[in-house]
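Taking it in order: structure first as structure tokens, then the write-up.
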Amino acid sequence: MCGIVGYIGNKKAKPILINGLTRLEYRGYDSAGIATIENDDISVIKNKGRVAELEKVPGIDTLEGTIGIAHTRWATHGKPSNENSHPHMDNSKHFAVVHNGIIENYHELRDFLQNNGYTFYSETDTEVIPNLIHYYYEKDTNNDELRILRAVQSTCNNLKGSFALEIISSYMKDKMIVVRKDSPLVIGKTATENYISSDIPAILSYTKDFYLLNDFEYVVLSRTSAEFYDANLKKFNKRLENINWSASAAEKEGFADFMLKEIFEQPKSIRETIGSRLTEDRKM
Ligand code: GLU
């Protein structure tokens, strides 16, 4: 499990995403990628290797979009390669997804989707997610503003394992959807922007106001708002927390020193390191 960054606002997303990925580098990773909404389409640029190499990929400097998602990958399914890097898109190229975590039942979901005409281009567990979203989106005959959110909810209800997800769509050009289960994800808010990240220090230079997400809280983000929905898609209000840490205190996440932080982090570190490699039927 590595890192996720996202941005929705009025600035160019690419430099913010790259900056966030660089700040998450300490988590370790094997590949990196970003996707932005450019006019009517989604542009994806991804690469095996370091964030510094991603920045050299031709075309990355032409990205002008103000909404984007980004990822550093630590491969759990499929080798580190350009094809297996995130973001992943569905076959119709209307949905792009970054995912931290592991989908334990991806074999079965992949078979289901292949039987329904979908093709897979990577070896990852993740690629089932954008295609399932597309599948549920197409099945839904109710074309209201929650149609994509319902497709995301139906998809998540079918996923076994852990996930932090950012989803953008060319059907929803001014919004982004995020959700998590057993993988970290926070949202930093300003009046005109939302920043998303796997952890607070990566985006603390932009804002001190954060939503700390719990499992299965679906968030529809626009530039100026964050709307929260519970697992049944019932809307609720979420408290914005003011994180009053300096940058160096943020690295210590409120602990007096790094030693204490590391001691208290041990259960979480162990859970996040081996948890994604265990499944219900395979105990290591
Ligand atoms: N399981 C996904 C993959 O192998 C995501 C890994 C991650 O969390 O970086 O592509």
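Read the numbers this way: they start at 1 and go in the same order the structure lists the ligands and their atoms. The figures that follow rest on heavy atoms only: side chains count, while hydrogens, waters and symmetry mates do not.
- Close approach of ligand 1 to His71 is summarised as follows: ligand atoms under 4.0 Å from at least one heavy atom of the residue are 9 (O).
- Tyr211 does not carry Arg239 over the face of its six-membered ring by the limits of under 6.0 Å from the centre and within 45° of the normal.
- If you number the atoms of ligand 1 from 1 as listed, the ones under 4.0 Å from a heavy atom of Asn100 come out as 7 (C), 8 (O), 9 (O).
- In the hydrophobic clustering of ILVMFWY residues, with side-chain heavy atoms under 4.5 Å counting as a link, Leu233 and Met172 come out together.
- Below 3.5 Å of separation, one finds an N or O of Gly101 facing an N or O of ligand 1.
- Closest of all the heavy-atom pairs between Ser170 and His94 is OG-ND1, 2.8 Å.
- Between His77 and Tyr106, the ring planes lie perpendicular to each other; the angle is over 60°, past the 30° to 60° tilted range.
- By the 3.5 Å distance cut-off applied to N or O atoms, Thr76 is counted among the residues near ligand 1.
- Heavy atoms of Gly78 come nearer than 4.0 angstrom to ligand 1 in no pair at all.
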*asked:* Determine whether Phe112 and Tyr118 satisfy the following criterion, ring pair (Phe, Tyr, Trp, His ring centres under 6.0 Å), listing intermediate values before the conclusion.
replied: CA-CA 9 Å; Phe112 169 80; Tyr118 289 82; 8.5 Å; no
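- The side-chain hydrogen bond (donor to acceptor under 3.5 Å, both in side chains) search around Glu127 returns Ser122, not counting sequence neighbours.
- Between Thr124 and ligand 1, a contact under 3.5 Å exists for no N or O pair.
- The atoms of ligand 1 that sit less than 4.0 Å from any heavy atom of His77 are 4 (O).
- Thr66 meets the side chain to side chain contact (heavy atoms under 4.5 Å, CB included) test with Arg223; sequence neighbours excluded.
- In summary, the atoms of ligand 1 found under 4.0 Å from a heavy atom of Cys2, numbered by their order in the structure, are 8 (O), 9 (O).
- For ligand 1, the atoms lying closer than 4.0 Å to a non-hydrogen atom of Trp74 are 6 (C), 7 (C), 9 (O).
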